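The block underneath contains the structure these notes are about, expressed in C-alpha cells.
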2 protein chains.
Amino acid sequence: MEPHEPDLTAVPVTSVLAALADDVRLQIVRALAEGGESACGSFDFGVSKATRSHHLKVLREAGLTRTRAAGTSRLVRLRRDELDKLYPGLLDAILTQRPPA
Amino acid sequence: MEPHEPDLTAVPVTSVLAALADDVRLQIVRALAEGGESACGSFDFGVSKATRSHHLKVLREAGLTRTRAAGTSRLVRLRRDELDKLYPGLLDAILTQRPPA
DNA sequence: GGCGTCGTTCGATAGTTGTCGAACAAGGGT
DNA sequence: ACCCTTGTTCGACAACTATCGAACGACGCC
C-alpha cells in the first residue's frame, strides 16, 4: 500500500484547514509538534483505534504528516518544514496554546 | 436580532479553522481582506443568497467577521486586528495565494 | 507454526453541513 | 401606499464525516 502522501502544493488550502479543524486531529498534531515522530498507538485520545486510524489517514492525505513502517508499528511525523515553508506561521498560530481566560 | 458576534478568545480554534475550511467562505474572507468592508450582496460566488447568508453566519459566529446594518444592506468586515493578535500569521498564511504550480 | 500486538479496512449508524427554493422581514424610493 | 431590493429564516434534501465493532493483514516473538 502506498501511503498516499501528496505533494503539499497539490492539496487545496481548504483540505489542510479541514484536516486541522477537528479536536482529535489537532491533539495529534500538537503531540507530534512536541514529541516528534511517534507511533500511531501513542495517540490515545479516547477514541477507538479505528477512529484514530481514520484521523491519521485524514492528516496524511491532507499532506500534514508522513508515515513509515517500523516493524509492527507505524511511525508518524509532522511535515513541519514543508508546512512552514508553504504556510508560514500557520502551525505556530494554531499550536500556540491561548490563555485560558 | 443581536448579530451574535462572540469574543474571539471564546471560540475554539477548531471552529475558526472549520469556518475557513470552505471554498466559498475562503473566497469571502479573501474578498474582505482585499476590499475591506463590503455589503453581503457583493459576494456572488455562484451560490444562492440563502447559502451566502448561511456562510456569512458561520463566519460571524466563528468570530471572523463583524456585521452592521446600513440602510437596506448589511456591511461585513474582517476582524483582522483581533485575528492577527490571537493567531498571528494565520490569515497571512492562508490568504497568500500560492504559486499555481 | 502459532499467538499476540499493531494497525487498516469494512459496513453501519448517527450527526453535521452545504445547498436550494420559498416564505418572510426591513428599508428606501417613487 | 406600493413595490423593489436586500437579507434572514425555514424546511428539505443530499453529501460528507466522526464514530464504533468486527474482520482482516502484517510483523515479531516464543
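A, B, ... follow the sequence lines: proteins, then strands. Residue 1 opens every chain. Keep in mind that what you see is a predicted model, and the values were worked out from it rather than measured.
- A straight line from CZ of Arg68(A) to C1' of dC6(C) spans 16 Å, rounded to a whole angstrom.
- Note on Arg60(B) versus Glu5(B): no salt bridge recorded, every NZ/NE/NH1/NH2 to OD/OE distance being 4.0 Å or above.
- Distance, Leu75(B) CG to dG7(D) C1': 12 Å, rounded to whole Å.
- Between Val58(A) and Ala70(A), it is Val58(A) whose nearest contact on DNA chain D lies nearer the 5' terminus.
- When rounded to the nearest whole Å, the span between CZ of Phe43(A) and C1' of dG7(C) equals 13 Å.
- When rounded to the nearest whole Å, the span between CG of Leu59(A) and P of dT17(D) equals 14 Å.
- In this structure, the side chains of Phe43(B) and Leu32(B) come closer than 4.5 Å at one or more pairs of heavy atoms.
- Atom CG in Leu20(A) sits about 15 Å away from atom P in dT17(D), given to the nearest Å.
- Whole-Å rounding puts the Gln27(B) CD to dG18(C) C1' distance at 14 Å.
- Here the nucleotide nearest the side chain of Lys57(B), chosen from dT5(D), dT9(D), dT8(D), is dT9(D).
- Ser53(A) has a side-chain polar atom (N or O) that falls below the 4.0 Å cut-off from OP1 or OP2 of dT8(C).
- The cluster map of Ile, Leu, Val, Met, Phe, Trp and Tyr, joined by side-chain heavy atoms under 4.5 Å apart, puts Leu75(B) and Leu78(B) in different clusters.
- With a 4.5 Å cut-off on side-chain heavy atoms, Leu56(A) and Arg52(A) count as touching.
- Using a 4.5 Å cut-off on side-chain heavy atoms (C-beta onward), Val29(B) and Leu91(B) make contact.
- Annotation: proximity of residues 32-42 of chain A to DNA chain C (heavy atom, distance under 4.0 Å) is found for Ala39(A), Cys40(A), Gly41(A), numbered in ascending order.
- In this structure, Asp22(A) contributes its side chain and Arg25(A) its backbone to a donor-acceptor pair below 3.5 Å.
- Criterion: ILVMFWY side-chain heavy atoms under 4.5 Å apart, direct or through other members. Under it, Val58(B) and Val13(A) are not part of a common hydrophobic cluster.
- Within the 3.5 Å criterion, the main-chain N or O of Gly36(B) finds a donor-acceptor partner in the side chain of Ser38(B).
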So which protein N/O to nucleotides 19-23 of chain C N/O distances come out below 3.5 Å?
from: dT19(C); atom 1: OP2; to: His55(B); atom 2: NE2; distance (Å): 2.4
from: dC20(C); atom 1: OP2; to: Ser48(B); atom 2: N; distance (Å): 2.8
from: dC20(C); atom 1: OP2; to: Ser48(B); atom 2: OG; distance (Å): 3.4
from: dC20(C); atom 1: OP2; to: Thr51(B); atom 2: OG1; distance (Å): 2.8

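- Between Thr9(B) and Leu86(B), the closest side-chain pair of non-hydrogen atoms falls below 4.5 Å.
- Phosphate proximity of dG27(C) to Ser73(B): absent, as no side-chain N or O sits under 4.0 Å from OP1 or OP2.
- dG28(C) atom C1' lies 15 Å from atom CZ of Arg74(B), rounded to whole Å.
- If you measure from atom CG of Asp44(B) to atom P of dG7(D), you get 11 Å, rounded to the nearest angstrom.
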